[in-house]
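Here is the structure we will look at.
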There are 2 protein chains.
Amino acid sequence: MNTSDTKNKILDTAERLFARQGIGATSLRAIVREAGLNVAAIHYHFGSREALVLEVFNRRLKPINQQRVARLEELEQTRSPAIPLNDLVRAFLEPVFSYFYDQPPQVRGLMARLHTEPDVTRPVLQQYHEILQRFQGAFLNAAPWLNPEQVRYRMSFMIGSMGIMLSGRHPAFCGKNGARLKPEQLFEEVIQYNTAGLSAGAPKK
Amino acid sequence: MNTSDTKNKILDTAERLFARQGIGATSLRAIVREAGLNVAAIHYHFGSREALVLEVFNRRLKPINQQRVARLEELEQTRSPAIPLNDLVRAFLEPVFSYFYDQPPQVRGLMARLHTEPDVTRPVLQQYHEILQRFQGAFLNAAPWLNPEQVRYRMSFMIGSMGIMLSGRHPAFCGKNGARLKPEQLFEEVIQYNTAGLSAGAPKK
DNA sequence: GTCTATAAAAGGATAGAC
DNA sequence: GTCTATCCTTTTATAGAC
């Protein structure tokens, strides 16, 4: 079997189990059992459990954040200096949405965990600190009535609601509630909600 | 030592470690090591690891949700039939805030995890399903331009941003950003953000 | 690159003394 | 109610054959 085939199989399976059972609760053995491999394969390809965890997240985050930057730069060139908040929210969230659109639900749920599992949040997000800084600057430009701390917190709120969207667990009502919005509709809800949140306190024009 | 003393000591320690390391990653042995007890104590008081996990969450959620209901009922009596959205958001979030205000940061971080760790979300939230239903009805009344699904999702977004607030990890920038809002200011930010989000799409008056 | 086999440690749970 | 001692399972990690 090809190197990258096995590697991807491990990453796919780990991702699915992390999303389903939690990261700390998922053993390497559970992963290889479901992947039809053996423990040694993981150590060969990743070196340690911790390195595997980071790779699972980075594999998804890298292309998403590249997309985010590309869209931000496009906005800066075409709509500068006054980029509408709604466009910024879309530039930040749409790459997530389009990337995970055709992924199984469990895989989407992984992203929600990124911001709450303490051993993951720090090492992963440090890699993307610069991107967040750039968005913070853009949001601050677009919402000059806010101070930098407010912008940072509101971005965090946006990230929180994004996690909820991705988790698909719909935590307010994880029971048996029939009708669910279609993914596209749900996404528009998220955009609308967070654009309104970020716009809160704006001076009337 | 008194029964409830030991029980609380276990709950306190477990809570702290769950918040710090994640739930699945925290062993019973780690808990009792830090609490100065032994594994048998946990099984005596809680029966199993799983039961302990549920108790850790329910100990906090029970008083919070009682407060929520009390405040909702007060609003229904004093401001019915048209309860402002802002009051509903406060009725839902303020009990969380006031309850955790004087708790150490790690303990607050636990609530953030409630909505993402899959083995916890379901069993815990099922107990409070009725309360969420009541709030959903109230929000639907206060925002009649939304349909029930929209209300449910927006409540979930609110819960997501609340989790971010509680986590204290400020995931957008977990690096070394100097100034932080005071807790009260942060709370007002959350209220404002989510009131605006829930109000999105409201007809102009 | 992938496997089996195995080492060494840590996990949850229980029995029985006090 | 709390402890020690113990059972059995599972874990991460490594060594060495193929």
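So you know, we letter chains A, B, ... as the sequences are listed, proteins then strands, and number each from 1.
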To the nearest angstrom, the CG-C1' distance between B:L28 and C:dT14 comes to 13 Å
Which of D:dT14, D:dT4, D:dT2 is nearest the side chain of B:A40? It is D:dT4
On a heavy-atom basis, the closest approach of A:F46 and A:A51 is O-CB, 3.2 Å
Rounded to whole Å, the CD-P distance (A:Q21 to D:dT11) equals 10 Å
Nearest-nucleotide check on DNA chain D, A:G47 vs A:R33; residue mapping nearer the 5' end is A:R33
For D:dT11 and A:S27 - does any side-chain N or O of the residue sit under 4.0 Å from the phosphate oxygens OP1/OP2? yes
Between the base of C:dG12 and the side chain of B:R29, is there a donor and acceptor pair under 3.5 angstrom? yes
Among D:dA15, D:dC3, C:dT2, the one nearest any side-chain atom of A:T6 is C:dT2
*Does B:H43 put a side-chain nitrogen or oxygen below 4.0 Å from OP1 or OP2 of D:dT2?*
no
Separation of D:dG1 atom P from B:L37 atom CG, nearest Å, is 14 Å
OP1 or OP2 of C:dG12 versus the side-chain N and O atoms of B:S48: is any pair under 4.0 Å? no
Rounded to whole Å, CZ of B:R49 lies from C1' of C:dA10 at a distance of 13 Å
In B:Q21, B:E15, B:R20, B:R49, the residue satisfying side-chain hydrogen bond (donor to acceptor under 3.5 Å, both in side chains) with B:T26 is B:Q21
Are the charged groups of B:E189 and A:R152 less than 4.0 angstrom apart, N to O? no
Between NZ of B:K9 and P of D:dT2 the distance, given in whole Å, is 11 Å
A:I31 CD1 to C:dT2 C1', in whole Å, measures 17 Å
note: B:I42, atom CD1; C:dA10, atom P; distance rounded to Å ~ 17 Å
Taking the basic N atoms (NZ, or NE/NH1/NH2) and the acidic carboxylate oxygens, is any pair closer than 4.0 Å for A:E34 and A:K9? no
Among the nucleotides C:dA15, C:dA13, D:dT2, whichever has the atom closest to the side chain of B:N38 is D:dT2
Quick one about A:N58 and A:Y128 (side-chain donor to acceptor, distance below 3.5 Å, no hydrogens or angles considered), yes or no?
yes
Here the distance between atom P of C:dA13 and atom CD of B:E50, to the nearest Å, is 9 Å
- Query: Within less than 4.0 Å of OP1 or OP2 of D:dG1, is there a side-chain N or O belonging to B:Y44?
  - Reply: yes
